[in-house]
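First the structure, in the form of structure tokens, and then the observations on it.
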Amino acid sequence: MPASAPVTQDVLTIPRKLPEGPVNLVGLTREGLREALIEAGTPEKQARMRVGQIWQWIYQKGIRDFAEMTNLSKAYRAELAEKFVIEVPEVVKRDVSADGTRKYLVRIAGGHEVETVYIPEVDRGTLCISSQVGCTLTCSFCHTGTQKLVRNLTAGEIIGQVMLARDDLDEWPEPGEGMGERPRLISNIVLMGMGEPLYNFENVRDAMKIAMDGEGISLSRRRITLSTSGVVPEIARTAEEIGCMLAVSFHGTTDEIRDRLVPINKKWPISELLDALRAYPKLSNSERITFEYVMLKDVNDSDEDARRLVKLIQGIPAKINLIPFNEWPGAPYERSDWERIERFADIVYKAGYASPIRTPRGEDIMAACGQLKSATERARKSRAEIAAETGLG
Ligand code: SAH
Ligand code: SF4
């Protein structure tokens with residue numbers, strides 16, 4: 001990447017409260033919901049109780065129509081319907097892979113699109129959600145990073161992805177069915193879709209608080225993993241204010257190579273990143289950090305890289321997730337050979353770290369890691385631009 005190229009670009013953030021029209025209740029925190037209800041005329045003394053009731057309808061039962069909130073008076077329901085809506089983003093396309101992976105193309109306000117992916121496995125179901133349209137961080141192996149236009153998702157658009165997937169999977173309880181009676185189809189959430197979640201901190205935090213709330217979607221914080229490219233100043237805050245599991249896109253074992261692969265490394269180099277990661281488990285009371293490592297042929301996949309990696313992370317409770325590079329049109333890299341990946345995994349494993357190789361899922365529908373990018377976003381970098389940024393051109 002040339003020295004003059006910007007690491008970040010301007011990001012559009014939608015004001016949390018739109019000046020006109022009904023307010024969408026999806027994405028408001030409990031406190032935000034309380035304020036909205038009071039502002040709309042709910043007596044302060046009743047507000048807490050109303051928040052609890054409405055919260056359960058929205059997040060425990062999946063109700064979108066105030067008329068169905070039968071524990072509220074008819075008059076109050078009508079009042080709510082006048083001032084508020086309960087809306088999740090619209091699914092404009094759904095692809096189902098041969099392996100059962102589902103990819104949703106989701107339209108959000110302003111006509112932008114993001115992708116959400118559901119990955120069923122034997123013992124769990126993982127929903128991979130997006131936090132931004134595109135990404136300002138031009139990691140050279142990532143398809144999302146080639147998309148020029150970027151906007152932060154609102155908290156409602158982030159938690160809305162969980163809700164629309166629950167709609168599609170028919171996961172909300174039937175009337176009369178208690179919590180915990182149905183098997184959980186979405187048992188885990190990973191913030192590994194489009195965008196850098198720590199560049200949209202407040203919205204991601206508020207959405208994940210909603211996902212963890214025991215009176216609603218009720219996912220344990222240990223079943224939520226946030227993946228960051230290494231926004232060092234926000235890592236401690238993630239531990240304190242979200243407390244979820246952390247994954248970090250490591251990918252390189254020297255600053256020279258990591259600068260090229262994950263350009264944010266120029267701002268916060270490996271040593272600073274490792275300091276922040278060392279402090280994370282204690283701050284968040286979580287066991288271990290996942291190091292994501294994309295396997296790029298002849299770039300970062302040597303035995304020496306593997307040995308440097310285990311040396312660097314010494315003392316950090318960690319798991320190393322090896323991700324075979326997923327190709328996309330115009331990509332300037334190739335996937336490492338299978339024997340190379342296994343050899344790398346073996347070195348890491350022998351040093352005492354779990355080193356699972358991530359099986360690519362949903363490749364036939366371009367749903368695999370780093371392949372996400374809405375086809376409708378026309379503003380696309382050319383091959384020449386990508387090559388220049390990787391320093392390979
Ligand atoms: N922006 C965040 C989260 C989204 S990316 C981050 O970078 O951590 C989720 C994971 O997929 C990251 O580890 C990312 O580096 C990796 N990834 C991106 N492009 C990829 C590709 N083409 N093949 C394999 N993994 C990729
Ligand atoms: Fe952004 Fe993550 Fe892709 Fe890097 S790997 S460009 S941070 S989405």
Side-chain angles (χ1 to χ4, degrees), residues 1 5-9 11 114-117 119 126-150 152-153 158 189-201 204 224-232 234-235 238 244-252 258-268 273 277 289-297 299-301 319-336 341 356-363 366-374 381 386 389-390:
M1 187 169 179
V7 171
T8 57
Q9 301 157 5
V11 181
V114 292
E115 289 169 330
T116 307
V117 179
I119 307 151
T126 303
L127 192 71
C128 176
I129 60 178
S130 295
S131 57
Q132 299 184 305
V133 177
C135 183
T136 53
L137 297 167
T138 49
C139 299
S140 52
F141 53 87
C142 174
H143 204 201
T144 306
T146 66
Q147 193 172 305
K148 273 182 175 164
L149 186 85
V150 180
N152 277 337
L153 265 57
I158 298 169
I189 293 178
V190 295
L191 281 146
M192 293 186 186
M194 297 164 74
E196 169 47 61
L198 297 189
Y199 271 1
N200 187 14
F201 188 89
V204 165
I224 298 176
T225 303
L226 183 152
S227 174
T228 180
S229 57
V231 183
V232 166
E234 304 288 7
I235 289 179
T238 305
C244 58
M245 305 297 283
L246 188 70
V248 63
S249 294
F250 208 65
H251 309 321
R258 195 164 188 268
D259 278 354
R260 202 143 51 89
L261 299 178
V262 189
I264 201 181
N265 192 69
K266 292 181 196 167
K267 219 174 191 165
W268 295 294
L273 175 59
L277 296 178
I289 290 176
T290 301
F291 284 75
E292 295 162 288
Y293 197 95
V294 64
M295 297 299 292
L296 304 169
K297 189 175 192 161
V299 175
N300 65 352
D301 63 352
K319 159 174 113 182
I320 320 297
N321 211 331
L322 298 175
I323 316 173
F325 173 60
N326 292 311
E327 301 199 358
W328 38 271
Y333 300 106
E334 280 175 68
R335 178 182 292 185
S336 305
I341 300 177
I357 302 169
R358 196 184 284 173
T359 329
R361 296 288 304 263
E363 275 187 298
M366 286 285 283
C369 296
Q371 290 185 317
L372 302 187
K373 174 173 155 166
S374 39
K381 290 185 188 175
I386 298 167
E389 281 172 5
T390 59

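For ligands, and for the atoms within them, numbers begin at 1 and follow the listed sequence.
Ligand-side atoms of ligand 1 in range of I323: 24 (C), 25 (N), range being under 4.0 angstrom from any heavy atom. Less than 4.0 angstrom separates some heavy atom of T228 from each of these atoms of ligand 1: 6 (C), 8 (O). Interface of W328 with ligand 1, defined as ligand atoms under 4.0 Å from a residue heavy atom, comprises 22 (N). Ligand-side atoms of ligand 1 in range of E292: 10 (C), 12 (C), 13 (O), range being under 4.0 angstrom from any heavy atom. Distances below 4.0 Å separate heavy atoms of C142 from the following atoms of ligand 1: 18 (C), 19 (N).
Heavy atoms from both the backbone and the side chain of C139 come within less than 4.0 Å of ligand 2.
Nearest heavy-atom pair across F325 and A331 is CZ-CB, 3.8 Å.
Looking at G193, S229, P197, it is G193 that brings a heavy atom closest to atom 4 (C) of ligand 1. Of the candidates C135, S131, G195, C139, the one placing a heavy atom closest to atom 1 (N) of ligand 1 is G195. For atom 2 (C) of ligand 1, the choice among P324, S249, A331, S227 with the nearest heavy atom turns out to be S227. Of the listed residues (Y293, F325, F141, Y333), the one carrying the non-hydrogen atom nearest atom 18 (C) of ligand 1 is F141.
Contact annotation: C135 places no N, O or S atom under 2.8 Å from atom 3 (Fe) of ligand 2.
Within the 4.0 Å heavy-atom shell around ligand 1 one finds H251.
For E196 and T228, the side-chain atoms include at least one donor-acceptor pair closer than 3.5 Å.
Nearest to atom 3 (Fe) of ligand 2 among the protein's heavy atoms is C142 SG, 2.4 Å.
Distance screen at 4.0 Å: atom 6 (S) of ligand 2 has a protein heavy-atom neighbour inside the cut-off.
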